[in-house]
Amino acid sequence: MTDATEADLTGGTPRPRPDGEVEKIGDRKLKPATMMMGHGYDPMLSEGALKPPIFLTSTFVFPNAAAGKRHFEGVTGKRPGGAEGLVYSRFNGPNQEILEDRLAVWEEAEDALAFSSGMSAIATLFLSMVKPGDTIVHSGPLYAATETLISRILGRFGVNWLDFPAGATREEIDAVLTKAATGNVALIYLESPANPTNALVDVEAVAASRDAIFTGENKPPIAIDNTFLGPLWAQPLKQGADIVVYSLTKYAGGHSDLVAGGVLGTKAHINTIRLMRNTIGTICDPNTAWMLLRSLETLELRMSRAGENAAKVCEFLASHPKVEKVGYLGFLERGEDKRQADIYRRHCTGAGSTFSLYLKGGEKEAFAFLDALKIAKLAVSLGGTETLASHPAGMTHLSVAEERKQALGITDNLVRISIGVEDADDLIADFENALKAV
Ligand SMILES: *Cc1c(COP(=O)(O)O)cnc(C)c1O
């Protein structure tokens with residue numbers, strides 16, 4: 001048989017969708033929360049099992065030689081439309097395909113891909129888009145590993161980068177894109193809100209700037225890491241992004257028990273990225289995909305509750321005498337930064353549940369607070385059912401240079417908090433008690 005590498009050269013392995021899929025009742029288009037229970041899965045293909053089994057198999061049997069040939073004709077592009085079934089598990093499997101269908105539903109994306117981690121999703125995206133001499137223009141700061149990947153790893157292969165601050169105005173974005181346009185810009189890569197500054201990127205302004213400066217073939221796609229607010233509170237495809245990236249480890253997985261990533265976007269971009277994923281094998285495994293299917297059934301419930309809890313906790317913290325400031329998107333409307341508040345109104349439907357708490361004092365006070373917490377756990381990460389707290393200056397951002405720390409507001413009195421789905425008043429009691437220890 002032909003080596004599976006031939007299939008690497010293709011757009012992938014689209015599977016025929018289940019018959020009788022319910023996406024509408026009369027004129028009513030069903031909401032994502034409803035579609036998470038059944039979309040993309042036909043029980044009758046799995047002995048009537050209500051839930052999809054976990055398909056632990058490395059390869060898929062062709063019903064006959066002619067069918068196998070047809071698959072490969074599709075897979076190698078000899079016949080348009082891709083393979084008509086599954087071929088080999090480095091390319092795809094039933095659990096991952098159902099997951100991809102359901103991920104796309106939340107943002108009405110044309111297509112989606114599942115990955116073994118947020119970073120493998122980001123790395124596969126970059127590898128599929130850039131070549132030596134190209135420039136990546138990005139907002140800053142980015143997730144630390146993403147910054148490392150761009151500057152230290154892709155930099156070794158002759159890829160250049162230019163950045164603008166996350167809160168940049170149209171004029172500032174224009175200036176950076178104009179400078180970058182003297183070379184070939186392969187990708188515009190955003191992350192919003194930035195961590196830990198919480199600065200929102202004006203995606204509409206980036207898209208308008210891109211469209212004004214680049215034409216035709218030279219127009220780079222806009223990709224955005226939507227891990228902090230998506231898919232419930234921000235849907236950047238609607239503001240002009242072409243590709244959305246996720247660490248599904250966070251809100252989508254939501255139980256701090258798995259690591260995975262996702263990419264959503266137009267069919268054309270997803271096909272480009274799928275080709276790279278097929279080649280290097282950064283797909284998530286069937287078990288993780290199955291766990292994510294379970295997680296997605298409660299995504300809206302979990303995120304809504306965490307968001308409500310965060311609003312109550314932030315109200316409490318903001319009025320506490322030992323608190324200097326609370327960096328919470330929900331307070332933008334009452335703050336001084338009219339521009340950020342304007343982006344928030346245009347781009348977000350909720351403030352999320354991850355925020356920055358600045359205590360009065362320094363490291364001593366921050367550590368006393370963290371060590372006195374009883375419900376909130378001392379751990380990095382976010383978006384889980386449980387509340388987590390960490391100290392960026394001493395943990396996630398320890399190796400960041402001192403001036404850059406100051407510029408980003410990563411001070412010794414900063415605590416990062418991700419609120420979970422516990423009882424809000426219990427959480428307030430925990431924070432109130434811990435503040436007594438400060
Ligand atoms: C966690 C995170 C990532 C990396 O995701 P992994 O699943 O840990 O690989 C990327 N971007 C953001 C914003 C994150 O929070």
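Indexing begins at 1, ligand by ligand and atom by atom, following the structure's order.
Among F115, Y246, Y251, Y143, the residue whose heavy atom sits closest to atom 4 (C) of ligand 1 is Y143.
Considering backbone and side-chain N/O of M119, one or more are found under 3.5 Å from N/O of ligand 1. Any N or O atom pair closer than 3.5 Å counts here, and T146 shares no such pair with ligand 1. An N or O contact shorter than 3.5 Å links G118 to ligand 1 by distance. In terms of N/O distances under 3.5 Å, ligand 1 is approached by D225.
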- request: Evaluate the salt bridge (Lys or Arg N to Asp or Glu O under 4.0 Å) criterion for residues E336 and K325: first the C-alpha distance (whole Å), next the side-chain angles of each, then the deciding distance (0.1 Å), finally the verdict.
  value: CA-CA 13 Å; E336 261 141 48; K325 195 178 99 182; over 6 Å; no
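Residue F228 approaches ligand 1 through these ligand atoms, each under 4.0 Å from one of its heavy atoms: 13 (C), 15 (O). Annotation for ligand 1: atoms under 4.0 Å from non-hydrogen atoms of A260 are 7 (O). Atoms of ligand 1 lying under 4.0 Å from at least one heavy atom of T249, given by number and element, are 6 (P), 7 (O). Contact atoms of ligand 1 toward E191: 13 (C) (distance under 4.0 Å to a heavy atom of the residue).
Using a 4.5 Å heavy-atom cutoff, the side chains of F369 and F431 are in contact. Looking only at side-chain heavy atoms (C-beta outward), V415 and I417 come within less than 4.5 Å of each other. Under the 4.5 Å side-chain criterion, counting only non-hydrogen atoms from C-beta, H138 is not in contact with L190.
E172 contributes atom CD, which lies 10.0 Å from atom CZ of F164 (distance to the nearest 0.5 angstrom). Between the CD1 atom of I222 and the NE2 atom of H269 there is a distance of 10.0 Å, given to the nearest 0.5 Å.
Taking the six-membered ring where the residue is Trp, Y189 and F126 present perpendicular rings, their angle passing 60° and hence far from 30°.
Contact analysis leaves S381 out of contact with ligand 1, as no non-hydrogen atom separation drops below 4.0 angstrom.
Judged by a 6.0 Å distance limit and a 45° cone about the ring axis, R277 is positioned over the six-membered ring of F115.
Protein heavy atom closest to atom 2 (C) of ligand 1, with residue, atom name and distance, is K250 NZ, 2.5 Å.
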